[in-house]
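Heads up: the structure comes next, in structure tokens.
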Amino acid sequence: MKANIECNKLRLAIQKSGRLHDDSMKLLKECGIDISNGVNKLKAEATNFPLEVFFLRDDDIPQYVEDGVADIGFVGENVIFEKNKQVAIAEKLGFGKCRLSIAIPKGQDYSSSQFLQGKKIATSYPVIVNNYLQRQGVTAEIHEISGSVEIAPGIGLADAICDLVSSGSTLFMNGLKEVEVIFESQAVLIKQAALNPTQVQLLERLIFRIQAVKKAKNNKYILLNAPNDRLKDIISLLPGMKSPTVLPLATEGWSSVHSVLNENDFWNIIEQLKEAGAEGILVVPIEKMIM
Ligand code: ATP
Ligand code: ZN
């Protein structure tokens, strides 16, 4: 752990290439942070925020942050739990969602984790799998391999595997079926323990921006026309940030209503609005949302 008494910027580690790279760069851009030079280099400076970006293998990011070589990092929760480093999760980032699952050959019957008793499991995540087996009271042999885990049962290397899954198509193509989800993951922002006061402040600014981007993604701006005699019912359906904006339309007896809807209950509320007499409903994306 390296305390950075004099450092007046944040050093952020992100994945150099792979599944998290593009979304990490996109998030920085959405936070209004421009990165100057290309990704072929090991590091790059932001032009309009005191931030330096290091491009690394995702597996190395927890170690770099623990050691204070980088101050913060964007990395999958799966990697943090597997590496077991002294870093704190400061914010969930909402991308890189996947699950770590046990899969077995399609033709086999599975009723509980007892299936795994005495079996051989191939995985790149021995720590998380071990932890799971202990919780289940199951003893199995873990065979650690670093890639192409899904072919292990087919070549007789293991009876089961534990690997990251998003759609399940890779498992299917290799004659496997997912039987147990043992860990759910997404990309998170981690931080080292010894940030100086300037860096703490910078991190607060960055997290404030990330939260505004995340909130905007989960919400939509909605505009609709409502007959005035239905306004009360329609307004009662809309949560809004405070309360909806209501403006008179040029047509007598009608109003325009503006509000913000959460993605989760979106279709439900739209249907109810239509039933309540709303017309000309427009839904538009929100770029940033500051509460
Ligand atoms: P690196 O070269 O940086 O070591 P990698 O091959 O280990 O890359 P990627 O496959 O690029 O890693 O995945 C990086 C992270 O993306 C994973 O650790 C996980 O958090 C996340 N992820 C999201 N969906 C998936 C998926 N379907 N399969 C694998 N990882 C996924
Ligand atoms: Zn990796």
Side-chain angles (χ1 to χ4, degrees), residues 11-30 35 38-44 52-67 69-70 72-85 87-104 121-132 142-154 158 160-191 210 213-214 217:
R11 295 157 306 164
L12 164 68
I14 68 169
Q15 195 187 23
K16 182 174 170 59
S17 64
R19 291 176 198 264
L20 300 180
H21 174 81
D22 289 351
D23 285 331
S24 300
M25 292 299 280
K26 187 164 144 246
L27 179 61
L28 290 176
K29 196 167 188 270
E30 287 167 335
I35 309 299
V39 179
N40 291 332
K41 304 225 170 86
L42 176 65
K43 54 184 184 173
E52 192 173 10
V53 183
F54 296 170
F55 302 105
L56 300 168
R57 280 201 61 194
D58 69 341
D59 312 66
D60 297 334
I61 293 176
Q63 180 78 62
Y64 274 83
V65 173
E66 185 188 73
D67 291 346
V69 175
I72 57 173
F74 292 172
V75 67
E77 278 174 301
N78 52 311
V79 175
I80 299 166
F81 281 86
E82 184 62 31
K83 303 284 173 195
N84 202 9
K85 300 289 174 203
V87 295
I89 295 179
E91 185 71 26
K92 300 209 174 204
L93 299 176
F95 62 83
K97 287 191 180 161
C98 57
R99 51 193 193 272
L100 195 55
S101 292
I102 306 270
I104 63 167
I121 308 171
T123 186
S124 311
Y125 293 89
V127 173
I128 299 179
V129 174
N130 225 328
N131 197 295
Y132 168 77
I142 296 177
H143 195 101
E144 184 178 353
I145 44 181
S146 61
S148 304
V149 173
E150 65 282 355
I151 65 167
I161 65 158
C162 182
D163 204 7
L164 291 173
V165 183
S166 50
S167 70
S169 58
T170 310
L171 293 182
F172 186 79
M173 282 185 326
N174 285 282
L176 300 172
K177 63 176 179 187
E178 187 178 1
V179 292
E180 209 81 68
V181 177
I182 69 166
F183 191 85
E184 307 229 34
S185 180
Q186 64 173 288
V188 292
L189 190 169
I190 53 170
K191 62 174 181 178
I210 291 173
V213 171
K214 268 170 53 186
K217 280 193 189 142

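One-based numbering, in listed order, for ligands and for the atoms of each. For the single chain, residues carry numbers from 1 onward in sequence order.
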What N/O/S atom of Asp59 is the closest to the Zn ion (ligand 2)?
OD1

How far is atom 8 (O) of ligand 1 from the closest protein heavy atom, and which atom is that?
Gln15 NE2, 2.9 Å

Ser185-ligand 1 polar pair, N/O distance under 3.5 Å
no

Any Lys/Arg nitrogen of Lys217 or Glu30 sitting under 4.0 Å from an Asp/Glu carboxylate oxygen of the other?
yes

Within the 4.0 Å heavy-atom cut-off, what Asp58 brings close to ligand 1 is both

Member of Glu180, Glu184, Glu178 meeting the salt bridge (charged side-chain N to carboxylate O under 4.0 Å, His left out) criterion with Arg99:
Glu178

Option whose closest heavy atom lies nearest to atom 11 (O) of ligand 1, chosen from Arg57, Arg19, Lys16, Glu82:
Arg19

Identity and distance of the protein heavy atom lying nearest atom 20 (O) of ligand 1:
Asn78 OD1, 2.7 Å

Does the protein put a heavy atom under 4.0 Å from atom 22 (N) of ligand 1?
yes

Any idea which part of Val75 is under 4.0 Å from ligand 1, heavy-atom wise: side chain, backbone, both or neither?
neither

Worked check of side-chain hydrogen bond (donor to acceptor under 3.5 Å, both in side chains) between Glu82 and Asn78
CA-CA 6 Å; Glu82 184 62 31; Asn78 52 311; over 6 Å; no

Short side-chain to backbone donor-acceptor contact, Thr123 and Ile161, under 3.5 Å
no

Decide yes or no for Ile14 and Leu20: does some side-chain heavy atom of the first lie under 4.5 Å from some side-chain heavy atom of the second?
no

Compare all side-chain heavy atoms of Tyr125 with those of Leu164 and state whether any distance is below 4.5 angstrom.
yes

Taking the side chain as everything from C-beta on, heavy atoms only, tell me whether Leu171 gets closer than 4.5 Å to Lys177.
no

re atom 27 (N) of ligand 1, the protein heavy-atom contact at minimum distance is Ser166 OG, 2.7 Å

So which of Leu56, Leu100, Leu164, Leu20 gets nearest to atom 16 (O) of ligand 1, if we judge by its closest heavy atom?
Leu20

State plainly whether the residues Lys43 and Glu52 are in salt-bridge range, i.e. N to O under 4.0 Å.
yes

For N/O/S atoms only: which one belongs to Asp58 and is nearest the Zn ion (ligand 2)?
OD1

To check your reading of the model: name the closest protein heavy atom to atom 24 (N) of ligand 1, its residue, and the distance in Å.
Cys98 CB, 3.4 Å

